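Here the structure is laid out as structure tokens; the discussion comes afterwards.
Just follow the structure's listing: the first ligand is 1, and inside any ligand the first atom is 1. It should be emphasised that the depicted structure is a prediction, and the values quoted were computed from it without experimental measurement.
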Amino acid sequence: MFTNLIQANLTTNVLGREIEYYTWTKSTNEDAWGLIEDGANEGTLVITDNQTAGKGRAGRRWVSVPGKSLTTSLILKPELDSRLAGWFPLLTGIAIVDALKELGLNTKLKWPNDVMVHGKKLGGILCESRIHGSILEWVVIGIGLNINEQENELPVDLNATSFFMESSSSNQRELVLAKILNNLELHYNTLKENRGPKTLLKFWTERCNHVNKTVKFEADNDIQEGIFVGINNDGAAIINCNGKETIYNSGDIHIIEL
Ligand code: BTN
């Protein structure tokens with residue numbers, strides 16, 4: 001990847017102004033935490049062409065194809081109320097959907113962090129945070145997107161797709177990334193200026209593909225079936241099971257009714 005091509009397409013003030021590029025690494029999220037320890041500035045981006053031990057949500061692995069996937073982590077120092085932590089995967093999802101739309105690809109969000117095209121997964125987000133007292137000190141936003149992979153390069157069992165498979169043309173990962181950062185900075189500023197939940201809740205709901213749909217909700221080894229009502233002011237999922245609403249901060253959704 002070419003860092004100067006990313007930076008040439010940025011309209012941001014802070015995000016992506018400093019970039020650490022590695023030809024290969026185990027996990028860009030892990031690298032980001034190391035950089036924080038070494039005194040990294042907010043907005044620093046870690047990218048790699050070959051991530052060998054990528055981390056997914058809930059302790060899962062994240063597999064990427066060298067030179068074809070977009071694997072990146074962004075360092076933020078929000079210093080906001082820790083209750084806003086749940087918004088980071090959601091605002092990142094909004095930014096990704098809008099960036100891909102600018103490049104001609106229509107995607108939708110599946111709570112809390114999956115980027116979907118026609119029911120298939122194009123990418124995911126892994127946000128990790130460090131909280132001090134009630135203050136959200138650091139957030140690392142890890143983004144993994146399938147960009148130029150062909151069908152035979154993606155694991156069959158994962159119901160995955162790529163930008164290439166959906167559009168039949170290859171795409172510059174640098175441009176995709178710059179557009180994500182441009183959108184992300186706007187939404188991050190919205191959150192910081194305390195306009196967060198109201199505006200972002202609306203944006204996220206518009207981009208979600210399962211509001212008011214029947215879903216299976218899996219959390220803490222328990223599976224419930226209910227209607228996904230939406231998200232609350234903390235970005236948590238509201239599920240209605242037999243008339244009773246339950247709030248979930250984490251879990252997995254399987255959409256039953258499309
Ligand atoms: C998910 O489970 O859907 C989230 C996947 C997040 C993967 C990205 S790839 C870049 C960053 N580094 C990691 O180790 N994981 C995230």
Side-chain angles (χ1 to χ4, degrees), residues 1 3 6 15-16 19-36 40 44-76 85-86 88-97 99-100 107-117 119-130 138-149 153-155 157-163 173-174 176-178 180-181 184 204 207-210 218-219 235 237 249-255:
M1 282 184 87
T3 53
I6 300 169
L15 306 195
I19 301 181
E20 291 286 330
Y21 167 76
Y22 306 119
T23 46
W24 77 273
T25 190
K26 289 182 180 164
S27 158
T28 55
N29 266 38
E30 288 302 309
D31 295 329
W33 286 113
L35 290 169
I36 290 171
T44 303
L45 190 71
V46 187
I47 54 169
T48 186
D49 268 313
N50 184 6
Q51 181 170 257
T52 57
K55 298 192 295 177
R57 235 168 32 88
R60 292 186 278 252
R61 284 185 63 216
W62 182 259
V63 180
S64 336
V65 178
K68 298 204 167 177
S69 311
L70 177 59
T71 43
T72 185
S73 299
L74 176 71
I75 294 174
L76 295 181
F88 284 82
L90 303 175
L91 67 89
T92 306
I94 297 169
I96 294 174
V97 169
L100 292 171
T107 56
K108 288 280 181 187
L109 296 172
K110 182 155 90 71
W111 188 89
N113 65 355
D114 288 353
V115 182
M116 310 293 293
V117 187
K120 293 188 170 179
K121 183 159 169 169
L122 186 105
I125 301 156
L126 175 68
C127 285
E128 299 174 311
S129 42
R130 191 201 285 169
W138 292 98
V139 174
V140 170
I141 300 180
I143 300 173
L145 290 181
N146 301 329
I147 304 293
N148 290 321
E149 297 86 344
E153 293 174 305
L154 293 175
D157 51 324
L158 289 184
N159 198 22
T161 190
S162 71
F163 196 167
R173 289 171 296 159
E174 292 88 344
V176 176
L177 180 52
I180 292 172
L181 295 177
L184 190 50
W204 188 86
R207 288 156 185 78
C208 171
N209 66 354
H210 55 77
E218 203 176 331
N249 288 303
S250 62
D252 282 304
I253 277 178
H254 309 276
I255 303 163

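If you look at ligand 1, the protein residues with a non-hydrogen atom under 4.0 Å away are Ser27, Thr28, Asn29, Gln51, Gly54, Lys55, Gly56, Arg57, Trp62, Thr71, Thr72, Ser73, Asp114, Lys121, Gly124, Ile125, Leu126, Gly142, Ile143, Gly144.
Taking Asp252 as the reference, Arg57, Arg60 meet the salt bridge (Lys or Arg N to Asp or Glu O under 4.0 Å) condition, with sequence neighbours excluded. In this structure, the salt bridge (Lys or Arg N to Asp or Glu O under 4.0 Å) partners of Glu30, at least two apart in sequence or on a different chain, are Lys55. Listed by chain and residue number, Asp114 satisfy the salt bridge (Lys or Arg N to Asp or Glu O under 4.0 Å) test with Lys121 (two or more places apart in sequence, or in another chain).
In this structure, the separation between CD1 on Ile19 and CG on Leu181 is 7.5 Å, given to the nearest 0.5 Å. The CH2 atom of Trp62 sits 10.0 Å away from atom CG of Leu126, with the distance rounded to the nearest 0.5 Å.
Residues Thr71 and Thr48 form a side-chain contact, since some pair of their non-hydrogen atoms from C-beta on lies under 4.5 Å apart.
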